[in-house]
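So the structure is just underneath, and the comments pick up after that.
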Amino acid sequence: AAVDRWVRAQTRPYPGAFSTLDGVKLYIWAAEPAGPTPGTPGSLATAGVVACGDGCGLRLLEVEAAGRVLEGAALLAALPPGATLGESTG
């Protein structure tokens, strides 16, 4: 749950919490705790929910990638289960 507080502390007007997905910088502007979430830290366990090191998940609510703000269905389509933040596949 500490990760959601970090995201809140870094949101606008600050630089933003960020990671990468396929080599593209991904700013995380809004997120909330998602409860117990199995998986390797950084992996998307379900659509829009990232597994964290403490065994809890982080539900991404608003991200920005390549200048586009993604929320709702667009965010879920861009972050499919099985993807891993912080790694490049190509």
Side-chain angles (χ1 to χ4, degrees):
V3 176
D4 72 297
R5 291 190 297 272
W6 176 253
V7 170
R8 263 197 328 261
Q10 298 300 315
T11 197
R12 297 174 187 101
Y14 297 102
F18 62 88
S19 187
T20 58
L21 180 63
D22 293 332
V24 176
K25 195 169 196 176
L26 184 76
Y27 292 93
I28 304 167
W29 295 117
E32 65 186 11
T37 303
T40 303
S43 66
L44 280 116
T46 61
V49 178
V50 180
C52 297
D54 62 1
C56 289
L58 183 70
R59 180 173 288 108
L60 304 178
L61 302 174
E62 180 186 353
V63 301
E64 181 179 341
R68 288 185 49 219
V69 174
L70 305 171
E71 299 175 275
L75 182 141
L76 298 178
L79 302 174
T84 301
L85 299 183
E87 291 188 357
S88 176
T89 59

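The list of ring pair (Phe, Tyr, Trp, His ring centres under 6.0 Å) pairs with a residue in residues 52-73, not counting sequence neighbours, is empty. Among pairs with a residue in residues 45-74, none fulfils ring pair (Phe, Tyr, Trp, His ring centres under 6.0 Å), at least two apart in sequence or across chains. Sequence neighbours left out, not one pair with a member in residues 33-46 passes salt bridge (Lys or Arg N to Asp or Glu O under 4.0 Å).
Here the closest heavy-atom approach between residue Pro38 and residue Ala45 is recorded as O-CB, 3.5 Å. Minimum interatomic distance between Val49 and Gly57 (heavy atoms only, all atoms of both residues): CG1-CA, 4.2 Å. Of all heavy-atom pairs spanning Pro81 and Ala47, the tightest one is CG-N, 3.5 Å. The nearest pair of heavy atoms linking Val3 to Cys52 is CG2-SG, 4.3 Å. Closest approach of Gly86 and Ser19 over heavy atoms only: N-OG, 3.3 Å. Nearest heavy-atom pair across Ala83 and Leu21 is CB-CD1, 4.0 Å.
No side-chain heavy atom of Glu62 sits under 4.5 Å from any side-chain heavy atom of Leu75.
Atoms OG1 and CG, on Thr84 and Leu79 in that order, are 11.5 Å from each other to the nearest 0.5 Å. Separation of atoms CG (Leu58) and CG (Leu85) is listed at 9.5 Å; rounding is to 0.5 Å.
Under the 4.5 Å side-chain contact rule for hydrophobic residues, Leu76 and Val63 share a cluster.
Applying the side-chain contact (heavy atoms from CB on, under 4.5 Å) criterion to Ala74, with sequence neighbours excluded, gives Leu70. In this view, Arg68 satisfies the side chain to side chain donor-acceptor pair (under 3.5 Å) rule with no residue, not counting sequence neighbours.
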Tell me which donor-acceptor pairs under 3.5 Å the side chains of residues 23-35 have, and how far apart each pair is, sequence neighbours excluded?
residue: Trp29; atom: NE1; partner: Glu64; partner atom: OE1; Å: 2.9
residue: Glu32; atom: OE2; partner: Arg59; partner atom: NH1; Å: 3.4

